[in-house]
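Here is the structure we will look at.
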Amino acid sequence: GNALAQLSRLQHTAMTRSIVMESVEPSAAEPSLPPLPPLPELNDVELAEQISGLDALTDKWRAESDQEAFDNAQLLGFCEQAETINGRFAMFFFVTGLLTELYTGQTVPEQVLTMLEVAGVVPPS
């Protein structure tokens with residue numbers, strides 16, 4: 001239905017364009033464009049094949065669009081959004097570790113050891 005209407009509009013536009021092109025005389029200053037070739041007449045079988053091809057192409061593009069929307073909405077797992085968030089957290093905590101090292105004098109590995117000792121994961125040294 002929708003593909004048939006689109007095809008009909010395209011044929012109408014092409015026919016209108018060729019009629020307008022024939023009726024307008026080019027001026028000497030404007031370069032003349034070659035006339036558009038006439039559209040082939042399609043029988044019902046060829047028209048049905050074109051419509052089914054257009055419908056298949058529409059379905060393919062819709063599936064790709066849906067997959068792209070899903071990928072952009074996904075925040076966990078191995079996906080682009082999760083990698084972006086992980087990278088931002090890593091940059092933030094790296095800078096935090098450097099600032100803490102500046103303030104306390106402990107290196108980043110020493111800070112991790114202190115944190116694990118305070119949490120009770122490793123015995124105090």
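Side-chain contacts under 4.5 Å among hydrophobic residues (ILVMFWY), followed directly or transitively, place Met91 with no other residue at all. Using a 4.5 Å cut-off between side-chain heavy atoms of Ile, Leu, Val, Met, Phe, Trp and Tyr, Val112 falls into a hydrophobic cluster with Leu113, Leu116, Val121, Val122. Think of Phe94 as one node in a network of Ile, Leu, Val, Met, Phe, Trp and Tyr side chains linked at under 4.5 Å; its network also takes in Leu98. Residue Trp61 belongs to a hydrophobic cluster whose other members are Leu57, with links defined by side-chain heavy atoms closer than 4.5 Å.
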Just distance, no hydrogens or angles: give the donor-acceptor pairs under 3.5 Å from side chains in residues 34-48, sequence neighbours left out.
from: Asn43; atom 1: OD1; to: Val45; atom 2: N; distance (Å): 3.1
from: Asn43; atom 1: OD1; to: Glu46; atom 2: N; distance (Å): 2.8
from: Glu46; atom 1: OE1; to: Asn43; atom 2: N; distance (Å): 3.3

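For residues 56-72, every residue pair satisfying the salt bridge (charged side-chain N to carboxylate O under 4.0 Å, His left out) rule, not counting sequence neighbours, is listed here: Asp59-Arg62.
Scanning for side chain to side chain contact (heavy atoms under 4.5 Å, CB included) contacts around Phe70 gives Gln67, Gln74, with sequence neighbours left out. In this structure Val95 satisfies the side chain to side chain contact (heavy atoms under 4.5 Å, CB included) test together with Leu99, sequence neighbours excluded. Taking Gln106 as the reference, Thr114 meet the side chain to side chain donor-acceptor pair (under 3.5 Å) condition, with sequence neighbours excluded. In terms of the side chain to side chain donor-acceptor pair (under 3.5 Å) criterion, Glu83 has no residue partners (sequence neighbours excluded). With sequence neighbours left out, Ser65 forms a side chain to side chain donor-acceptor pair (under 3.5 Å) with no residue at all.
For the pair Ser125/Glu117, a side-chain contact is recorded, criterion being any heavy-atom separation below 4.5 Å from C-beta on.
Side-chain atoms of Gln111 and Thr104 form no donor-acceptor pair, as typed in the model, at a separation below 3.5 Å.
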